[in-house]
**Q** 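Input: one structure, supplied below.
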Amino acid sequence: MKKAFRVLILAVISFTAAITASAQTYLDLVKENPQVASYAFYTYTEPGDVALTKAPKGFKPFYISHYGRHGSRYHTSESFFTYGAEGLKKAKEEGLLTDKGEGLYREFFATVDEHKGMLGMLSPLGAREHRGIAQRMYDRFGKVFRHRQEVDIVCSPIQRCIISMSNFTFTLKDNAPKLQYTFSTGDRYMDYICKEIDNDEMYASTALYESETRKATCHYEKLFSSIFTSPEEAEKILPDPQLFVRSLYLTGCICACLDFLDVDIFKYFDPEELAQQGAIRSNKFYGEYGGSLEWGDVTDEVAHDLLKDFIAKADAALAPGSRRAADLRFGHDTGILPLMALLKIDGMDVRYPMAEAQDFWSCHDHIPMASNFQMVFYRNRKGENLVKMLYNEKETTIKAVSPYSGPYYRWEDLRDYFVRISDF
């Protein structure tokens with residue numbers, strides 16, 4: 001615990017300095033698009049007309065190894081709503097809500113009501129996200145599925161992952177009816193596709209970082225002035241104003257995932273106050289799963305078995321006589337993000353202190369809903385194998401490995417690196 005408190009003190013100092021000095025970039029992003037503040041609840045952004053680098057002459061795609069986070073979903077627990085619901089109900093009973101506060105009350109409880117019987121479930125938007133990713137995979141690399149038909153799927157047993165997987169695989173099947181699927185799910189597979197981090201000190205440290213940094217830097221005066229007729233009286237009836245605001249913020253984070261509700265709780269926040277909330281949550285998540293300076297070694301450890309699975313299945317797919325077109329994995333943010341940190345892909349090749357991450361890294365970019373990693377294998381007539389990696393459907397690179405050409409790597413070079421960092 002001594003390490004946790006030492007990390008906490010340094011983190012609060014660093015975050016406070018960043019907010020006052022150099023966090024303007026993150027604030028600008030929030031001003032431009034408030035949904036940036038929803039950190040890991042950010043809905044998936046399609047890549048648009050991003051041009052892919054043409055493969056070197058003679059190389060054709062023949063195999064894909066993939067990991068996809070489930071799509072946009074409902075919140076997983078009613079605890080996200082508790083303090084907000086209690087505070088808004090008390091304020092309404094006391095007649096302390098302004099017209100704007102009444103609007104917040106209606107939208108907040110519309111979100112709460114929509115969660116009844118749906119906690120943790122995939123939303124309609126989440127299904128559309130995975131159908132879109134699968135369609136673009138086929139549009140880009142359709143040759144893979146025309147020459148080979150076997151597709152193996154391993155999926156988290158959680159409903160939102162299974163329904164994401166179903167939408168993804170049905171879309172591929174619509175395009176390539178001859179594909180032959182095998183499906184596997186169960187708790188045993190979670191030991192590698194989304195291994196839990198067992199480190200109480202880390203969680204204690206990041207929890208302290210959030211709570212203490214929130215107290216030191218998070219303001220809510222503008223919010224309270226807009227939703228309460230008397231902010232001073234409102235504070236008296238709230239057991240903990242910071243937890244009340246946190247609950248409003250976290251409820252707002254899920255609104256875009258439920259786009260059919262047409263609810264937006266972020267609009268009640270001042271951009272600066274919203275950015276403070278978002279930066280803390282993004283930084284905390286980075287500290288726990290993103291390869292941070294403080295806890296990167298812990299993050300790497302949980303991703304070793306997943307990377308070994310990529311290696312082993314690629315070896316099998318590349319063996320003579322294989323008909324494997326793709327290995328598809330469907331899991332969670334806490335599965336894919338540690339893998340990206342272990343690989344040290346572009347943008348995650350430097351370890352930053354948790355409290356400074358908002359200047360260099362943010363959840364909305366790296367781990368939105370439906371975030372995904374694709375390794376596309378190419379082969380020429382000589383039997384040489386190249387690999388191109390895509391993170392959220394955009395080409396990415398690993399600086400620690402010399403490329404063959406552009407974003408293309410020799411599989412033997414990439415494999416050697418994977419073996420070295422995974423202790424295979």
Side-chain angles (χ1 to χ4, degrees), residues 44 47 61-71 122 126-186 188-195 303 305-319 322-337 339-340 343 367-378 387-394 396 418:
Y44 191 72
F62 70 96
Y63 167 68
I64 297 174
S65 194
H66 162 275
Y67 190 112
R69 181 192 181 191
H70 59 76
L122 194 74
R128 298 197 302 273
E129 288 166 344
H130 274 272
R131 289 199 296 269
I133 294 167
Q135 185 61 56
R136 289 186 293 275
M137 177 184 284
Y138 184 83
D139 291 343
R140 289 169 155 184
F141 312 114
K143 289 181 180 179
V144 169
F145 305 103
R146 288 195 287 272
H147 298 296
R148 294 183 172 201
Q149 280 76 48
E150 293 180 0
V151 178
D152 188 71
I153 298 112
V154 176
C155 185
S156 159
I158 305 301
Q159 181 268 9
R160 55 185 173 272
C161 294
I162 294 174
I163 303 301
S164 294
M165 175 270 294
S166 299
N167 279 275
F168 193 105
T169 54
F170 281 135
T171 299
L172 283 184
K173 191 78 168 177
D174 287 342
N175 287 277
K178 293 183 180 181
L179 290 181
Q180 301 168 6
Y181 291 138
T182 57
F183 299 91
S184 300
T185 188
R188 71 170 59 179
Y189 298 100
M190 295 293 276
D191 289 340
Y192 70 90
I193 64 170
C194 192
K195 190 173 183 179
D305 288 342
L306 177 56
L307 182 53
K308 291 174 185 177
D309 184 67
F310 270 83
I311 297 169
K313 288 180 177 174
D315 287 346
L318 269 60
S322 174
R323 299 182 64 249
R324 181 65 53 84
D327 283 293
L328 308 177
R329 306 162 188 84
F330 295 89
H332 304 264
D333 48 6
T334 53
I336 185 174
L337 187 57
L339 177 64
M340 298 299 95
L343 296 183
I367 194 69
M369 296 292 185
S371 50
N372 56 89
F373 176 63
Q374 301 173 18
M375 292 177 58
V376 185
F377 288 71
Y378 294 73
V387 181
K388 175 168 65 177
M389 295 170 290
L390 294 91
Y391 186 28
N392 294 333
E393 302 183 81
K394 298 176 183 177
T396 189
F418 287 176

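Start at 1 with the first residue, then count along the sequence. The analysis underlying the following values was restricted to heavy atoms, covering all of them including side chains, and did not include hydrogens, waters or symmetry mates. Since this is a predicted model, take the numbers as computed values, not measurements.
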**Q** Going by the angle between their ring planes, with limits at 30° and 60°, are F62 and F377 parallel, tilted or perpendicular?
**A**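 The rings of F62 and F377 stand perpendicular, inter-plane angle above 60°.
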
**Q** Which heavy atom of C161 sits nearest a heavy atom of G331, and at what distance?
**A**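 Taking every non-hydrogen atom into account, SG-O, 3.2 Å.
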
**Q** Where do I162 and P157 come nearest, in terms of heavy atoms and distance?
**A**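 I162 and P157 have their closest heavy atoms at CD1-O, 3.5 Å.
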
**Q** Which value, rounded to the nearest 0.5 Å, describes the distance between K388 atom NZ and Q374 atom CD?
**A**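 CD of Q374 is found 10.0 Å from NZ of K388.
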
**Q** When you compare the side chains of N372 and Y44, does any donor N or O come within less than 3.5 Å of an acceptor on the partner?
**A**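 Yes, a side-chain donor-acceptor pair sits under 3.5 Å.
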
**Q** Mark yes or no for whether Q159, through its side chain, and L122, through its backbone, hold a donor-acceptor pair below 3.5 Å.
**A**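 Between the backbone of L122 and the side chain of Q159 there is a qualifying donor-acceptor contact (under 3.5 Å).
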
**Q** Determine whether more than 12 heavy atoms belonging to other residues, nucleotides or ligands lie under 6.0 Å from atom CZ of F183.
**A**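 Atom CZ in F183 is crowded, with more than 12 foreign heavy atoms closer than 6.0 Å.
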
**Q** Is the closest side-chain heavy-atom distance between L172 and L179 below 4.5 Å?
**A**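 Yes, their side chains come closer than 4.5 Å.
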
**Q** Report the distance from atom CE of M340 to atom CD1 of I367, rounding to the nearest 0.5 Å.
**A**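 One finds 8.5 Å between CE of M340 and CD1 of I367.
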
**Q** Between D305 and K308, does any NZ, NE, NH1 or NH2 come within less than 4.0 Å of an OD or OE carboxylate oxygen?
**A**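 Answer for the salt bridge query: yes.
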
**Q** Taking the cut-offs as 6.0 angstrom to the six-membered ring centre and 45 degrees off its axis, would you call R329 and Y189 a cation-pi pair?
**A**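 That pair does not qualify as a cation-pi contact.
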
**Q** Grab the two heavy atoms, one from S156 and one from I193, that are nearest each other, plus how far apart they are.
**A**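 Minimum heavy-atom separation between S156 and I193: N-CD1, 3.5 Å.
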
**Q** Over all heavy atoms of both residues, which pair between G335 and Y67 is shortest? Give the atoms and the distance, please.
**A**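 In terms of heavy atoms, the two residues are closest at CA-OH, 3.5 Å.
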
**Q** Starting at OG1 of T334, measure out to CG of L339 and round the result to the nearest 0.5 Å.
**A**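 It comes to 12.0 Å.
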
**Q** Report yes or no: does S322 contribute a side-chain atom to a donor-acceptor pair with the main-chain N or O of L318 at less than 3.5 Å?
**A**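 No.
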
**Q** Where the side chain of T396 meets the backbone of M389, is there a donor-acceptor pair that is under 3.5 Å apart?
**A**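 Flag not set: sc T396 to bb M389 has no pair under 3.5 Å.
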
**Q** Would you call the rings of F141 and Y378 parallel, tilted or perpendicular if under 30° counts as parallel and over 60° as perpendicular?
**A**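 Aromatic pair F141/Y378 classed perpendicular.
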
**Q** How close do V154 and D152 get, heavy atom to heavy atom, and via which atoms?
**A**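 Looks like CG2-OD2, 4.0 Å.
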
**Q** Which atom names give the shortest non-hydrogen contact between F145 and A326, and what distance separates them?
**A**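 Scanning both residues, the minimum pair turns out to be CE2-CB, 4.1 Å.
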
**Q** Would you say R69's side chain and I336's backbone share a donor-acceptor pair under 3.5 angstrom?
**A**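 No, R69 side chain to I336 backbone: no donor-acceptor pair under 3.5 Å.
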
**Q** May I ask you to decide if G126's main-chain N or O and R160's side chain share a donor-acceptor pair within less than 3.5 Å?
**A**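 Looks like no, no N/O pair under 3.5 Å.
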
**Q** May I ask you to decide if the ring planes of H66 and F330 are parallel, tilted or perpendicular, using 30° and 60° as cut-offs?
**A**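 Ring orientation, 0 to 90° scale: tilted.
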
**Q** Examine distances only and state if a side-chain atom of R140 and a backbone atom of E393 form a donor-acceptor pair shorter than 3.5 Å.
**A**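 Checked: pair present.
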
**Q** Can you list the steps and then say if Y138 with T171 is a side chain to side chain contact (heavy atoms under 4.5 Å, CB included)?
**A** CA-CA 9 Å; Y138 184 83; T171 299; over 6 Å; no

**Q** How long is the straight-line distance from CD1 of I153 back to OG1 of T169, given to the nearest 0.5 Å?
**A**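 Reported value, rounded in 0.5 Å steps: 5.5 Å.
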
**Q** Once rounded to the nearest 0.5 Å, what's the spacing between atom CE of M137 and atom CD1 of I64?
**A**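 Taking CE in M137 and CD1 in I64, the distance rounds to 4.5 Å.
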
**Q** Any donor-acceptor pair under 3.5 Å linking the side chain of R324 with the backbone of Y63?
**A**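 Not confirmed, R324 side chain does not pair with Y63 backbone.
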
**Q** Distance from T182 atom OG1 to E150 atom CD, nearest 0.5 Å?
**A**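 Here the interatomic distance stands at 8.0 Å.
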
